[in-house]
Amino acid sequence: MEVHLGHVAMSVHVANASPSRTMTAKRFATIADREAGLRKLEHLAEQNIESCIRLLYHNRAHDIKFFRLSSRLIPLVGHELTEGWDYMKPLADAFAKLGTVIKDDNVRADFHPDHFVVLNSPRRPVFETSLAVLRHHIRMLEAMGIPPRHRCVLHVGGAYNNKEKAIQRFIDNWGEVPEEIRSCLMLENDDKIFTAEDTLQLSESLKIPMVLDIHHHRCNHQGEEDDILHLLPRIVERWSSSPLPMKMHISSPRGPEDKRSHADYINPDDLFPFLHKLARYTPRVDVMVEAKKKDDAVLRLAQWVKEEGETNGVRFINGGSFEIHPK
DNA sequence: ACAGGTCAAGTCGTA
DNA sequence: TACGACTTGACCTGT
């Protein structure tokens, strides 16, 4: 099985390259000249996009082929204060350039819109705002020339004291999600409410690819933790009709007392034994590393593969890529 | 330069 | 019903 590691939005190695520079709504509201305020936001967005490009150049040098774009590239987009703002016109060139770098390097790039996007909310305005946020994501992907299919990963949402009803509401609401948005989504199991099993069932019935987060699964599962192994063929199958390879998330717990928080680095024991099992079912997986030390955690894992891989049945290919065989 | 408080958005648990 | 926690980087204000 070929494995490509990726990291989340930022770098601890590239200085001054935040892709999430922003302005608070409060601050924006104090700017008397609204147009001047919008120009300022556009400037921040351009800097954010330029930061992404610098991060990708760094990744190019390290053969890292998987990258999560920040969902905060455009500050205050979708906020009522910026209603009617035609942000794409001034940003089109910057996005096109970013897209070119992504495509030239054959990088898998995607988004994880943050937790304010909730498709199963019983509150209508929340649902509608969520759709609007997703539309902005699609617009960014299109501006980069990246096909939006399966580029945005979401959680199922809230439980609202009744998981069954909450899942049913997701299904009901799904009927109102435009096809354009449906096709850009993936579903991920979370660490408190919807387990891998819940998420798998939902993604099967609605034909959505599922992103397995191993760390969330370890925090939140029914039955035995290892039961997940029986679900792997079905999770792999979720990707059979996708243009993209299967995707997973990995992180290590910060400590025994706060298992849910992410540690600085990935403990190889949290990842490789699992991959040895997964390799029975798929020839390829992309693994998003969610660690505090971002790209450094990927580099450290790569270093581990170089040094310890041989004796652990892992063959280093280059940068964040390696090959692993079933055990 | 730096520390400490604040920030658009949703949901959950506690009071 | 109201409020802090959650989680988290970046901004803002005061020193």
Side-chain angles (χ1 to χ4, degrees), chain A residues 7-31 34 37-38 40-41 43-52 55 68-85 87 111-137 152-163 165-167 169-170 173 188-194 198 213 215-216 219-220 249 251-255 257-264 290-297:
Chain A
H7 68 99
V8 177
M10 290 176 297
S11 168
V12 299
H13 289 285
V14 186
N16 301 313
S18 165
S20 313
R21 297 194 59 196
T22 190
M23 188 191 299
T24 61
K26 245 182 180 171
R27 176 93 186 89
F28 182 83
T30 66
I31 299 174
R34 185 170 182 273
L38 293 175
K40 173 75 179 153
L41 293 179
H43 183 64
L44 285 167
E46 265 179 24
Q47 290 180 307
N48 288 338
I49 296 166
E50 190 57 39
S51 289
C52 290
L55 295 171
R68 179 186 299 166
L69 292 158
S70 165
S71 278
R72 302 175 188 200
L73 292 177
I74 309 176
L76 297 182
V77 67
H79 192 277
E80 57 176 5
L81 287 172
T82 64
E83 209 180 320
W85 175 29
Y87 59 87
F111 286 110
H112 194 337
D114 51 17
H115 63 285
F116 307 109
V117 175
V118 188
L119 291 182
N120 78 336
S121 176
R123 297 161 58 199
R124 195 68 195 179
V126 173
F127 174 67
E128 279 167 8
T129 303
S130 299
L131 294 185
V133 171
L134 292 169
R135 267 188 216 102
H136 289 302
H137 282 80
C152 295
V153 61
L154 288 185
H155 294 287
V156 178
Y160 312 97
N161 295 319
N162 188 330
K163 245 170 79 168
K165 268 191 184 167
I167 289 173
R169 191 176 317 99
F170 190 102
N173 284 359
E188 177 193 352
N189 58 308
D190 66 74
D191 57 355
K192 280 163 92 167
I193 304 165
F194 298 102
D198 297 330
D213 187 310
H215 178 61
H216 290 168
C219 296
N220 178 29
H249 292 171
S251 33
S252 285
R254 189 163 244 332
E257 293 310 311
D258 48 351
K259 282 189 175 20
R260 284 178 34 232
S261 315
H262 293 173
D264 288 352
E290 297 182 328
K292 285 256 187 241
K293 296 291 185 184
K294 315 292 177 189
D295 54 343
D296 199 42

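Reminder, nothing fancy here: chain letters follow the sequence lines and each chain counts from 1.
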All N/O contacts under 3.5 Å from nucleotides 1-3 of chain C to the protein, with atom names and distances to one decimal?
none

Margin query: Restricting to side chain to side chain donor-acceptor pair (under 3.5 Å), what partner residues turn up for A:R260, sequence neighbours left out?
Written below: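 For A:R260 the side chain to side chain donor-acceptor pair (under 3.5 Å) partners, ignoring immediate neighbours, are A:D191.
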
Checklist line | A:Y87 and A:H136 aromatic centres sub-6.0 Å | finding: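 Between A:H136 and A:Y87, which both carry aromatic rings, the centre distance is below 6.0 Å.
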
Check: In chain order, what residues pass the side-chain contact (heavy atoms from CB on, under 4.5 Å) check against A:S70, with sequence neighbours excluded?
Finding: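 For A:S70 the side-chain contact (heavy atoms from CB on, under 4.5 Å) partners, ignoring immediate neighbours, are A:A9, A:P19, A:S20, A:R72, A:L73.
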
Checklist line | Whole-Å distance separating the CG atom of A:D258 from the P atom of C:dT8 | finding: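 Going from A:D258 (CG) to C:dT8 (P), I get 11 Å.
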
Item checked: Whole-Å distance separating the CG atom of A:L41 from the C1' atom of C:dC11 ->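 Checked: the CG to C1' distance equals 13 Å.
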
Across the strands shown, which category fits [X] at heavy-atom distances under 4.0 angstrom: base, sugar-phosphate, nothing?
X	result
A:V77	base
A:S18	sugar-phosphate
A:L81	nothing

Notebook entry, point to check: Any side-chain donor-acceptor pair under 3.5 Å between A:D114 and A:S71?
Noted result: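 A:S71 and A:D114 do not have a side-chain donor-acceptor pair below 3.5 Å.
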
Between [X] and [Y] (side chain of the first, backbone of the second, donor and acceptor by atom type, cut-off under 3.5 Å), is there such a pair?
X	Y	answer
A:N120	A:G158	yes
A:T82	A:W85	no
A:N173	A:L119	yes

So, using salt bridge (charged side-chain N to carboxylate O under 4.0 Å, His left out) as the criterion, who are the partners of [X] when residues are at least two apart?
X	result
A:R254	A:D264
A:R68	A:E290
A:D198	A:K163
A:K26	none

Check: Any side-chain N or O of A:R260 under 4.0 Å from OP1/OP2 of C:dC6?
Finding: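 Answer no for this pair, as no side-chain N or O of A:R260 is under 4.0 Å from OP1 or OP2.
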
Next item on the list: Tell me, please, the opening and closing nucleotides of DNA chain B, 5' to 3', among those with an atom under 4.0 angstrom from a non-hydrogen atom of chain A.
Entry: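 Contact boundaries, 5' end first: B:dC7 to B:dC12.
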
Margin query: Taking the P atom in each of C:dG4 and B:dG5, what is the distance between them to the nearest angstrom?
Written below: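 The answer is 15 Å between these two P atoms.
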
Item checked: Distance between C1' atoms of B:dA1 and C:dT8 (Å, rounded) ->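 Looking at atom C1' only, B:dA1 and C:dT8 are 23 Å apart.
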
Checklist line | Residues from residues 19-26 of chain A lying under 4.0 Å of DNA chain B - heavy atoms | finding: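 Heavy-atom contacts with DNA chain B come from A:T24, A:A25, A:K26.
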
Check: Near DNA chain B, under 4.0 Å by heavy atom, which residues of residues 112-122 of chain A?
Finding: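 Those residues are A:H115, A:F116, A:V118, A:S121.
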
Note to self: Give me the stems containing DNA chain C, sorted by first residue, counting only three or more consecutive Watson-Crick or G-U pairs with both distances under 3.5 Å; say none if there aren't any.
What the structure shows: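 As far as DNA chain C goes, consecutive pairing (with distances under 3.5 Å) yields the stems B:1-7 with C:9-15, B:10-15 with C:1-6.
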
Margin query: Quick check for you: to the nearest 0.5 Å, what is the distance between A:R27 atom CZ and A:T22 atom OG1?
Written below: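 Separation between the atoms: 12.0 Å.
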
Checklist line | Value rounded to 0.5 Å, distance of NE2 in A:H43 from CE in A:M23 | finding: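 Atom-to-atom, A:H43:NE2 and A:M23:CE are 10.5 Å apart.
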
Check: Taking the nucleotide of DNA chain C with the closest heavy atom to each, which residue, A:M10 or A:R27, is nearer the 5' end?
Finding: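 First, find each residue's nearest nucleotide; the 5'-ward one identifies A:M10.
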
Next item on the list: Tell me, please, which residues at least two apart from A:H112 pass ring-ring contact (aromatic ring centres under 6.0 Å, His included).
Entry: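 For A:H112, the residues satisfying ring-ring contact (aromatic ring centres under 6.0 Å, His included) (neighbours in sequence not counted) are A:H155.
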
